[in-house]
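For reference, the structure discussed in these notes is given below.
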Amino acid sequence: MSASGGGLRANLAGVASHARRAAGRRTRPPRRVDAMIVSAAAVTLVLAAAILAVGLGLDRRSIAIAQDSPAPVIAFFAVLSELGRSYWTLVPSGLLVLLLLCGDWRRVEPRARAAWAEIGALAAFIFGAVGGAAILVNIAKELVGRGRPQTFGEIGWLGFEPFRFDWTWQSFPSGHSTTAGALLVIGALVFPRRQGAFLAFGLGVAISRVFVGAHYPSDIIAGLAVGILFSLWLAAVFRRCGWGFARHGPDSIRARTAALRRLLARPRGGRALLAALGTALSLRQAPIRGR
C-alpha cells in the first residue's frame with residue numbers, strides 16, 4: 001500500500017474514532033430544553049417577520065432600483081456577485097481537507113501535527129458551512145419556486161411555480177446570500193480579527209444580487225438567515241465533537257488555534273509548518289514520531 005493510502009485510512013479511522021468517543025461523552029438530562037434550540041427558534045421567528053416586512057415594502061421597488069442604477073454601479077456589483085459564488089470557498093477548503101487527509105501525520109513531530117489538525121478541522125468547517133447551507137437552500141428553491149425579477153412584468157413579485165427546476169423560478173432564498181451568511185459566521189468564529197472585512201464582503205455580495213436583477217430583497221434576507229443559522233448550528237456540532245472549536249464562556253465558542261499560534265510564534269515557525277506538510281505527504285519512508 002502507498003504511504004498516502006495508509007495515511008488516508010489512518011486519518012479517516014482517527015476521525016471516526018474521535019467522533020465515537022465524543023458521542024459517548026455527550027450526556028444531557030432527558031427533559032432539558034437546549035438553550036441553543038430556543039434561541040435559534042426565536043431568531044428564526046424574528047427573521048421571518050423581517051422577511052415579510054421587507055418583501056412588502058421593498059421587493060416591488062427593487063426592480064426600479066436595479067433598472068435605474070448607473071452602468072458603473074451595475075458593473076461593480078456584477079463583479080462582486082461573481083466573487084460571491086460558493087465554489088470560490090468550496091474548492092480551496094475542500095482540496096485542503098483532502099490533501100491533509102492523505103498525509104501520513106505519524107511522521108510529523110507532535111507540535112506541527114497538532115497545528116495542522118487545527119487547520120484541517122477549520123477547513124472542514126468552512127467547507128461544511130458553505131456546502132451544507134447551499135444544499136439546504138437549493139432544496140428550498142425548488143420547494144418554493146418563486147419567480148425571479150425577470151418575471152415581474154408578467155406575474156408580479158409574488159409568482160410561484162414549485163418544482164420547475166428552472167433558474168427563472170429559483171429566486172427564494174438567494175444562494176449567493178446564503179454563502180454570504182456562512183461567510184459572516186466564518187469571519188466571526190474563525191477569523192475574528194478580520195470579521196469586519198468578512199462582514200463588508202458578505203453584505204456586499206448579498207446586496208449585489210438585487211442590483212444585478214437576480215433577486216428581490218426578501219430573497220436576500222432569507223438567504224442570509226439560512227447561511228447564518230446553519231453555520232452556527234454546524235459550529236456547535238463541531239464544538240461538541242471537539243473539532244476546531246472550544247467553549248468560550250457560558251454562551252459562546254471560539255476556534256481552536258492554540259497549537260497553530262504557538263508554532264508560528266517560534267523562529268521560522270511558518271517554514272516548520274510547511275516542512276511538516278511536506279513530510280506528511282512525502283512518498284519516502286520516514287520514522288514515526290512521538291504521539
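For this chain, numbers begin at 1 and follow the sequence in order.
Taking each heavy atom of Pro173 and Ala140 in turn, the nearest pair found is CD-CB, 3.7 Å. Here the closest non-hydrogen pair linking His215 and Gln170 is CE1-O, 4.0 Å. Taking both residues in full, the closest heavy atoms of Leu100 and Gly120 are given as CD1-CA, 3.4 Å, listed atom of the first, atom of the second, then distance. Scanning all heavy atoms of the two residues, the minimum distance from Gly131 to Leu90 falls at N-CD2, 3.5 Å. Of all heavy-atom pairs spanning Tyr216 and Gly147, the tightest one is CE1-O, 3.5 Å. In terms of heavy-atom proximity, Ser69 sits nearest to Ile74 at CB-CD1, 3.7 Å.
In this structure, Asp59 contributes its side chain and Ser218 its backbone to a donor-acceptor pair below 3.5 Å. No side-chain donor-acceptor contact under 3.5 Å links Arg256 to the backbone of Glu118. The closest donor-acceptor contact from the side chain of Glu161 to the backbone of Arg164 lies at 3.5 Å or more, if one exists at all. Distance alone, capped at 3.5 Å, is enough to place a donor-acceptor pair between the Gln150 side chain and the Gly213 backbone. Judged by distance alone, the side chain of Thr178 and the main-chain N or O of Ser174 form a donor-acceptor pair under 3.5 Å.
How far CD1 of Ile119 is from OG1 of Thr257: 10.0 Å, rounded to the nearest 0.5 Å. The line from OG of Ser81 to NE2 of His176 is 4.0 Å long, rounded to the nearest 0.5 Å. The CG atom of Leu234 sits 8.0 Å away from the CZ atom of Phe245 when rounded to the nearest 0.5 Å. Atom-to-atom distance recorded for Ser171:OG and Phe160:CZ is 9.0 Å, nearest 0.5 angstrom. Here Leu273 contributes atom CG and Leu277 contributes atom CG; the two are 7.5 Å apart, rounded to the nearest 0.5 Å. Taken to the nearest 0.5 Å, the CG atom of Leu80 stands 10.5 Å off from the CD atom of Glu82.
Cluster annotation: Phe127 and Leu95 are assigned to distinct hydrophobic clusters (Ile/Leu/Val/Met/Phe/Trp/Tyr, side-chain heavy-atom contacts under 4.5 Å, transitive). Hydrophobic clustering of Ile, Leu, Val, Met, Phe, Trp and Tyr side chains at less than 4.5 Å, counting indirect connections, unites Ile65 with Leu203.
Using a 30° and 60° split on the angle between ring planes, Phe211 and Phe77 fall in the parallel class, below 30°.
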Output, in order, the C-alpha distance, side-chain angles, deciding distance and verdict of side-chain contact (heavy atoms from CB on, under 4.5 Å) for Val237 and Trp233.
CA-CA 6 Å; Val237 171; Trp233 170 81; 3.7 Å; yes
Working note: Thr151 + Thr168, criterion side-chain contact (heavy atoms from CB on, under 4.5 Å); need CA distance, chi angles, decisive distance, verdict.
CA-CA 8 Å; Thr151 66; Thr168 307; 3.3 Å; yes
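Using a 4.0 Å cut-off between charged nitrogen and carboxylate oxygen, Asp219 and Arg146 count as a salt-bridge pair.
Judged by the 6.0 Å distance and 45° axis criteria, Arg148 is positioned over the aromatic ring of Trp167.
Qualifying salt bridge (charged side-chain N to carboxylate O under 4.0 Å, His left out) partners for Arg61, counting only residues two or more places apart in sequence or in other chains: none. Remark: Phe191 pairs with Ile126, Ile186, Arg194, Phe198 by the side chain to side chain contact (heavy atoms under 4.5 Å, CB included) rule, at least two apart or across chains.
When only modelled atom types and interatomic distance are considered, Arg85 and Thr179 share no side-chain donor-acceptor pair under 3.5 Å.
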